Amino acid sequence: MVLDKKETTVAYRCPVCGASVMSMIGIFALTADLIKLKCPCGESELELVYPIKLNVPCLFCPTPHSYIISSQMFFERDLFTIPCNYSGIDICFIGRQDKVQEAMKKSEKELLEMLGDHDFES
């Protein structure tokens, strides 16, 4: 018997430097421990624990948002996005790697349009 390898891609944008942070998450790693996706700048991290609870840094709010989602949503959707409760802008992207990358690029365009002449640091 061959078990179906359950894994998905999780991504967020660092609220400090604006970098995309992305990682592949497998069910076995997730059920074993708390997972932290840290931005290379060291200023933000997404926390993930099983059963699936996420603490996601937000571009718009001073504290991370907490979400609980089902394993089915987490592992079986091509793309699942989680918006900030206050701004309505997607802050977390979960699913197939190509779909997550595409959604992150679209989100980046929207953010740059909102920022206008400013950048993430200002």
Side-chain angles (χ1 to χ4, degrees):
M1 177 169 88
V2 176
L3 292 176
D4 206 13
K5 187 174 169 185
K6 286 192 176 188
E7 58 185 21
T8 194
T9 300
V10 177
Y12 77 97
R13 185 166 311 284
C14 177
V16 177
C17 72
S20 297
V21 181
M22 186 179 309
S23 182
M24 184 69 72
I25 305 292
I27 192 164
F28 295 116
L30 182 57
T31 56
D33 201 5
L34 169 74
I35 294 174
K36 294 182 180 185
L37 305 181
K38 294 183 180 185
C39 181
C41 79
E43 297 296 320
S44 73
E45 66 184 21
L46 180 148
E47 293 181 347
L48 179 61
V49 67
Y50 192 85
I52 300 170
K53 180 180 177 191
L54 300 110
N55 287 318
V56 183
C58 183
L59 290 165
F60 307 98
C61 301
T63 58
H65 296 290
S66 294
Y67 302 93
I68 297 173
I69 60 175
S70 71
S71 292
Q72 183 178 18
M73 287 288 235
F74 190 77
F75 286 108
E76 296 179 15
R77 300 280 297 269
D78 284 347
L79 179 65
F80 180 71
T81 59
I82 300 174
C84 164
N85 297 333
Y86 304 105
S87 70
I89 303 293
D90 291 332
I91 60 170
C92 185
F93 306 84
I94 302 165
R96 284 189 6 214
Q97 185 174 7
D98 60 331
K99 298 290 185 182
V100 168
Q101 288 173 330
E102 185 179 309
M104 288 287 288
K105 285 179 186 174
K106 181 180 175 189
S107 170
E108 183 175 6
K109 275 184 169 180
E110 291 172 357
L111 289 170
L112 290 173
E113 287 175 10
M114 285 175 56
L115 290 171
D117 293 334
H118 303 284
D119 58 16
F120 284 103
E121 291 181 12
S122 61

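Given the structure is predicted, the values throughout are model-derived calculations rather than measurements. Only this structure's heavy atoms are used, side chains among them; waters, hydrogens and symmetry mates stay out.
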Does Gln72 have any side-chain contact (heavy atoms from CB on, under 4.5 Å) partners at least two apart in sequence or in another chain, and if so, which? Ser70, Glu76
Taking side-chain contact (heavy atoms from CB on, under 4.5 Å) as the test, write out the residues that go with Ser107, two or more places apart.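 If we apply the side-chain contact (heavy atoms from CB on, under 4.5 Å) test to Ser107, skipping adjacent residues, the hits are Phe93, Leu111.
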Please identify which of these residues, Cys61, Cys92, Pro64, Ser44, meets the side chain to side chain contact (heavy atoms under 4.5 Å, CB included) condition with Val56.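 Only one of Cys61, Cys92, Pro64, Ser44 forms a side chain to side chain contact (heavy atoms under 4.5 Å, CB included) with Val56, namely Cys92.
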Can you list every pair that meets salt bridge (Lys or Arg N to Asp or Glu O under 4.0 Å) and has a residue in residues 78-91, with sequence neighbours left out?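 Applying salt bridge (Lys or Arg N to Asp or Glu O under 4.0 Å) to every pair that reaches into residues 78-91, excluding sequence neighbours, yields Asp78-Arg96.
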Applying the 4.5 Å side-chain criterion to the ILVMFWY set and letting contacts propagate, would [X] and [Y] be lumped into a single cluster?
X     : Y     : value
Met24 : Ile69 : no
Ile94 : Phe28 : yes
Leu79 : Val10 : no
Leu54 : Ile91 : yes

Taking the side chain as every heavy atom from C-beta outward, state whether [X] and [Y] have any atom pair closer than 4.5 Å.
X      : Y      : value
Asn55  : Ser66  : yes
Pro15  : Leu59  : yes
Asp98  : Glu102 : no
Leu48  : Leu37  : no
Val100 : Thr8   : no

Run through the side-chain heavy atoms of Ile, Leu, Val, Met, Phe, Trp and Tyr, join any pair under 4.5 Å, and report what else lands in Leu34's cluster.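 Val49, listed by chain and number.
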Might you point out which heavy atoms bring [X] and [Y] nearest each other, and give the distance in Å?
X     : Y     : answer
Pro83 : Gly88 : CB-O, 3.7 Å
Ile52 : Ser71 : CD1-CA, 3.6 Å
Cys39 : Tyr12 : N-OH, 3.4 Å

Just jot down the salt bridge (Lys or Arg N to Asp or Glu O under 4.0 Å) partners of Arg77, sequence neighbours excluded, or say none.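 Applying salt bridge (Lys or Arg N to Asp or Glu O under 4.0 Å) to Arg77 gives none.
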With rounding to the nearest 0.5 angstrom, report the [atom1] to [atom2] distance, [X] to [Y].
X      : Y      : atom1 : atom2 : value
Ser20  : Lys105 : OG    : NZ    : 10.0 Å
Ile27  : Glu7   : CD1   : CD    : 11.0 Å
Met22  : Arg13  : CE    : CZ    : 9.0 Å
Met104 : Lys109 : CE    : NZ    : 14.5 Å
Glu43  : Cys14  : CD    : SG    : 7.5 Å
Leu30  : Lys6   : CG    : NZ    : 11.5 Å

Selection residues 49-85 - residue pairs positive for ring-ring contact (aromatic ring centres under 6.0 Å, His included), sequence neighbours left out: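 Residue pairs passing ring-ring contact (aromatic ring centres under 6.0 Å, His included), neighbours aside: His65-Tyr86.
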Using side-chain contact (heavy atoms from CB on, under 4.5 Å), reason through Ile25 and Ile35 one step at a time and then give a plain yes or no. CA-CA 9 Å; Ile25 305 292; Ile35 294 174; 3.9 Å; yes
